[in-house]
Structure formats: C-alpha cells, structure tokens
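First up is the structure itself, then whatever we jot down about it.
All of these numbers come straight from a predicted model, not from anything done at the bench. Atom set for the values below is all heavy atoms of this structure, side chains included, hydrogens, waters and symmetry mates excluded. Note on naming: letters A, B, ... go to the chains in the order of the sequence lines (proteins, then strands), and numbering restarts at 1 for each one.
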Amino acid sequence: MFSFTKENLQRIEAEKKKYPTVESAVMPVLWIAQEQNGNWLSEAAIKATADVLDLSPAHVIGVASFYTMYNKQPVGKYHLQVCSNISCSLLGAKKLIHHLENKLAITHGETTQDGLYTFSEVECLGSCGTAPAMQINDDYHENLTIEKMDELLKGLEK
Amino acid sequence: MKVTIDNIEHEVNGKPTILELASKVGVEIPHFCYHPGLSISGNCRMCLVEAGTPKMGPNGVELDADGKPVIMWGPKPTTSCSTPVSEGMVVKTGKTSKVIEDAQKGVLEFILINHPLDCPICDQAGECPLQENTFKFGPEGSRFEFEKNHKPKRVELGPNVMFDAERCINCTRCVRFSDEVAKAPQLTVIQRGDHNYIATFPGIELDNPYAMNVIDICPVGALTSKHFRFKSRVWEMSETDTICTGCANGCNVKMWVKNNEILRQTPRENQAVNQWWMCDEGRLGFKSLNENRVSGPRFKGSELSWEAASSQLADSLKSVQASELAVVVSPFATLEDNYASIKFFKKLGVKTFVRYQHVKGQDDHLLIKADKTPNQAALDLLEGIAGKFTTGEKLAAAIESGSIKGLVVIEENPFGNGLSDSLKSKLSILVSFSTNWDETAKLADLVIPAASVAETIGTFINAKGIIQKVRPAKVLKLQNRSLMRETGLSRWDKHAWKYDKWAQPTHVTDAKPTWEVLESAASAVGVEVSFKSPEQIFSKAASEIAVLKDVTYEKIGTAGVQLTSSAKTEAVLS
C-alpha cells in the first residue's frame, strides 16, 4: 500500500493552495507521489493522489497516463533518458542509443536484470544547443559522445 | 436579436449557441460530441461553421454600398456547439459554404483513419451518427493507406456495458455523462493522441445505476449492451413509444421488438419526466415481459378455453357472498384495468378493496424512485370510487378470522408480499389475474392470464402527477400486429408475407386485458357493465374523477399530461 509521508502531505497542502481548483494540483501531486514511490507511479500511488485531492481515481489515471514523464512501470535506480529528437539525432543520438542498448542489453522501456538501469528513448529535452543530450534521473548530461557516455556509466556503477 | 443562418434570418431570444439555434430552426449541423444534456466539449470538430459579426465603425455598424452591414468573418471555421450567437451574426453551414463542406469532409476523413469500419458486424449500424454523417457529409474515400491503430477490443467496462476501443472516436460523451449526470465519475480518457481510449481505473467497474445510458449516447458502436449484443440488426426491430413501469417515475421509453420478443428498451426524450435518460434496472426490466408468462387460462392446474374460463370465473364469484369477497387492486396495472375492476366488483357488492405498497430504498438524485410501482397515484384517485383501500395486513387478519372467504387478485402478488401461503387453505376461492407465474398465480384456483404493460393500452400516473400512456409493443395470441393501430412496425412487419419465416408468430402469450375478461363474464355474474376499449373506459373514469376531467387519450399523446394538482387530489364522485 502507498500512503503519503507527513512531509509530503504538507507539500501537497502547499500545492493545493496555489490553484483555484484541486484539478490544477493533480500534476504536482502526482510528481510528489512518483518521487516518494521510487520514481514511478503504482496504481496505489495514483489512487492515493486521487484520495488526497478528493478526485475520482479515473480522472487522475487519465492525467497520469497522458504524460510519459510519469513512469507507470517501475524503473531502475538510474533512469537513462536519451533524446532522439531532430537536433540530437543530427549529432549522433542514434549511435548513442545503439551503443547503450548493446552495452546494457536492454531496449526502450526495459530495465536491466540487476535493477540498476532503465533506458528510455525520449522526445525533445529542450537541450538542442548542447545536443546530443541524456537525462539521468533529474540531471542533464550534454554534448555526449560514446566515450563520455561510457565514462558516465562507469561513474554510476560505483 | 437577429441571426442569419444560410441566408435566412431568425429572430432569437436568449443566448443560445449556433448549434442550439440551428437545431431549433431545423438547420442540420452534423455533430458527435455535442449532446444537449451534457456540457460542451468541442472536441469532435464536426459542427464547424463559418460565422461573422457586423463590423463596427465609429458611427455604429458599417454599411456597404447596398446599405447592408459589412460582415467581419472569423479567420477560420468555428465550432458551432461552443459559439454563442450575437446580434447580427451571420452563419454559413456546409450547405452554403464550400469551406465548411470541405472542412467536414476533412474532419470525417481524420475521424475514420483509425475507425475499423466494421459496420457489417457492428450493433450500432443503422442508428449510428458516424455512419449517417459519413454518408451525408463524408469524403468519397480515404487517403490513409497504412495499418490502422490497434486498441483493446471486447473490454467489459462493467456488468452491462461492453467496450470496443478501436471503434471509439473519443468524443467523451460517456465520460461527461458519468461525471455530470450519473454523478459517478468512473470513466476517463487514458493515453494520448491516436492511442487514447476510454477506460475505468483498474479494478473499478462502470456499474452506476445509470451506466447503460452511455450506450445510447455513444455516437459509434464503441459502447454496446451486453444484453443486446448481436441479438438483432436495428432495422429488424419495431420500436414502440411507451413508458417504463419499473418505478413511480414513469420514464419514457421505446420498446424494441423482434419476433414478438422485447430485445431492448431505450429512453425517449421527455423533459418533464426523464430528460434523455433512464436507469439500468428499468431498462433491463423488460425481461419479465418476455419470460415466465402465464399463457392460457387455468383452473386447478388444467387448461381452459376462454369461454370456459369466463363461466368458471362467474361460478367462482357466485360461490361466495360478495361481502366475504376481497379484491386486490394493483399499482402495477393500468388505470383502466383498476377502474374496470373496481366498477365491476362494486356492482357485485364487494366492499373490501386491498392495495399493497412496494417501497424499497430511497429516491435518488436523478430518476429512481423508492416507490417501485408505476401507478400508485392512479389508485389514489380511484380511492374515491372504491372507498378506502384496505391494507395487506388487515386482509391477512380478515382471512385468518374467516370474514373474507374469497380473494380476487388483479395483476398483483399478495402471496409474494407478506400474505402467508398457509392462509390459502382458509380461502374457498382464489382467482388471480396474472401476467407472470408469481407466488399468487401458482397458488390460485383460477388463473386468468393478463396482458402485460407491453401488450395493452392504458394510462399510468407517475409520482409527479403526469399521466402517460402505454402502448402495445408486443401482440397477444390472435392479434395481428399490422392491425394494431398503436403498435410499432418493423420493416419485416410491413413487408413480410405470412409464409416468411420471420412472420411466424413466436413468443406469443395467450392473454387478455383484465377489463376484457371482466366484460365477458359480466352477464353470467349478473353485473351490468360495458367496457369496450381502454379509451372508452378512460373517458368513463375521467367523467367521474375531477382531475381527469379534461384529459383525453389524444391529449396524453406520447408526452403525457401534467394533472392540474398533485396526484393526491381528492377524487370527486359523480
């Protein structure tokens, strides 16, 4: 079962106060739920969000399923999100993706057996000026090359 | 306010939207997501029109060389469902505007990109707005030559509703209905773009008491009824405008019949009674009109002819003193049947008329009433003629004490509603006019099969005091469908001849309206009554009951008549 921590309940109250209707607070509260639930939204977490906002669970799952940045499946400790939009692709994102897939033996949406890495091919990260880019959990890594990527992954293993 | 649609000027009161005004003045604007009973969504884009307003200059409305207002046209087509009209507005629909004609074709081409076009096996075909609008306004073909999207099929959304996500066009009518009307927000749109479809939260069912209305308002075959799926093409059924008799609300319905069997009931718009909706319990209540019916009169288990039954009825009634006879009238039966029974037995000298109450639960926010009988209000009116009704408890006591020795039951079920079976042995005679094999019919000495509300004509008064008429959707034995004036006819009924297999009557019940049986036994019993037709009985009743004075069958029509005062009005004896 999922239930919000005391601190998070306080954060949710603060979010609710920002908007005239509770519907507007659905997205920030889902984000809080995702954070607390280990970077993904379980059905229980979505239900808890609906309960805390007094909305129907159907409405909240509608919002959660609309946005791909809410993970509806468990993700690994490190969520590797490689951008494959036009700027990144022009600068070799596809090569990076193939390299990563071969190295970790997973494809889009999959998690490694040890539960360490999840790889997602994502749409524009808004980092076209420093393409190609990858987001690991909440951090950006820019101007990537295969070597740089290997180094990054090595750093993560520790 | 003056508004021009397709070069015709209309005088407008209030502030309707363009689509509301158009439907009021009879201009067709195709639409899918708009429904008059729901909030405006504007997502289907089918109701596009060109709209413009008069150009305002420093001296008011600017005029052109001909002295007509200069119209400022909107930069692009607008959705008529969400645009309110304004003074001097000029609107062009697809009829007068090439832009709109093309826009509608474009919209339909997009909507149909991922639609499976499985009309030949789709339940909705024949009554499908998508199919109809595509024929009327659609493109000649599609330019989409790739594989269509695949989505979940045959999803059980709830106990009564089946969902096919590929057919769904995401108009969200069902979502808005659940949220706004049923007040049970069980549905939502999940996923995004061309992958989106309707779903419930995992583990939650679409099981609110009004869930099946989403099937009616679905403009495609995405939501279908589990009880009706693949039973019939819609054009093979006849539809008869009648009312639901499941509770005291009296929702207006259409009964859909094939082979003399009711296959479904759908609500019919009546703003005063049920708007556009009905509850699932009422909708599925038709099953008792098809099944478990009493067919052919019976005396102590053996079948009788109708002639023998009416002489047996006379013998039975004469075998007990009228003062020892009790008659159970019925809030489930028509006003006409109750009036005829009361008149008949009153003339015979009967003093004891019994009425049962059937109250279960509470009224809800929309349509469902706690009073599960359709015609208690009519009995209130007839109380003036019958004298004060006796309750079921007093009847039981009177049978127990031996002061009542004979019981006649008119389309009621006292033995299923608290009257103990053991009291049957204290009755020298039990006559039951029954539609179904209920507890009373099974115990009765003489069982007279009665026409159900689906086979008779008569009136019902609902909780609001609106008097409405039922019409026969099914025929009884020896009745001919095409000769029954008020019965709906299907294409088969109209065009088949008697050797066609679908013209062979099946599911036919051998029953008669109660008033007709009473009339046939009257001379043998020695009672002088004259019942000729429901309409004639009604006019007799209307002449005796003050609130019905100006009401006629013609005025009741298909919409009903609000009686002048509440249903509890004192009846006046003539």
Side-chain angles (χ1 to χ4, degrees), chain A residues 1-4 16 20-27 29-31 33-34 37 40-75 81 83-86 107-109 120-126, chain B residues 33 38-41 43 149-152 155-161 163 165 168-211 213-214 217-218 222-223 365:
Chain A
M1 269 322 288
F2 176 93
S3 61
F4 284 106
K16 276 160 84 175
T21 59
V22 281
E23 279 88 347
S24 314
V26 167
M27 291 183 63
V29 175
L30 276 174
W31 198 253
Q34 174 157 308
N37 197 46
W40 75 290
L41 285 173
S42 59
E43 274 172 24
I46 294 172
K47 181 80 176 33
T49 305
D51 290 345
V52 79
L53 294 174
D54 204 13
L55 291 168
S56 72
H59 176 81
V60 179
I61 201 172
V63 176
S65 67
F66 185 94
Y67 295 100
T68 49
M69 285 170 80
Y70 294 123
N71 300 314
K72 270 75 67 181
Q73 299 291 331
V75 292
Q81 301 159 74
C83 173
S84 65
N85 248 191
I86 188 154
T107 179
H108 169 75
S120 301
E121 188 180 329
V122 296
E123 300 302 332
C124 188
L125 290 174
Chain B
C33 72
L38 304 172
S39 63
I40 302 296
S41 175
N43 67 52
N149 260 349
H150 292 294
K151 295 183 190 177
V155 181
E156 297 190 21
L157 283 186
N160 302 321
V161 182
F163 177 58
C168 177
I169 61 168
N170 291 296
C171 71
T172 70
R173 272 185 179 183
C174 54
V175 178
R176 283 175 283 146
F177 173 84
S178 306
D179 290 355
E180 295 160 16
V181 183
K183 309 273 184 217
Q186 292 164 331
L187 290 177
T188 189
V189 181
I190 65 164
Q191 302 293 346
R192 174 174 67 179
D194 59 357
H195 295 288
N196 66 357
Y197 58 91
I198 304 300
T200 57
F201 190 80
I204 291 182
E205 290 205 310
L206 176 66
D207 59 356
N208 68 71
Y210 297 96
N213 286 292
V214 301
I217 58 177
C218 183
L223 295 164
H365 70 282

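Residue with the most contacts toward chain B among P57(A), S56(A), A50(A): P57(A) (heavy-atom pairs, distance under 4.5 Å).
In this structure, chain A has a heavy atom under 4.5 Å from the side chain of I204(B), while its backbone stays farther away. Looking at K72(A), there are no atoms closer than 4.5 Å to chain B (heavy atoms on both sides), in backbone or side chain. Both the backbone and the side chain of Q191(B) come within contact range of chain A, each with at least one heavy atom under 4.5 Å from a heavy atom of that chain.
Other residues, nucleotides and ligands contribute more than 12 heavy atoms inside 6.0 Å of the NZ atom of K151(B).
Listed here is the closest heavy atom pair of P185(B) and A58(A): O-CB, 3.8 Å. For the pair T188(B) and H59(A), the tightest heavy-atom approach, listed with the atom from each and the gap, is OG1-CA, 4.1 Å.
Note that CD1 of I190(B) and CD1 of I61(A) are 6.0 Å apart. Values are rounded to the nearest 0.5 Å.
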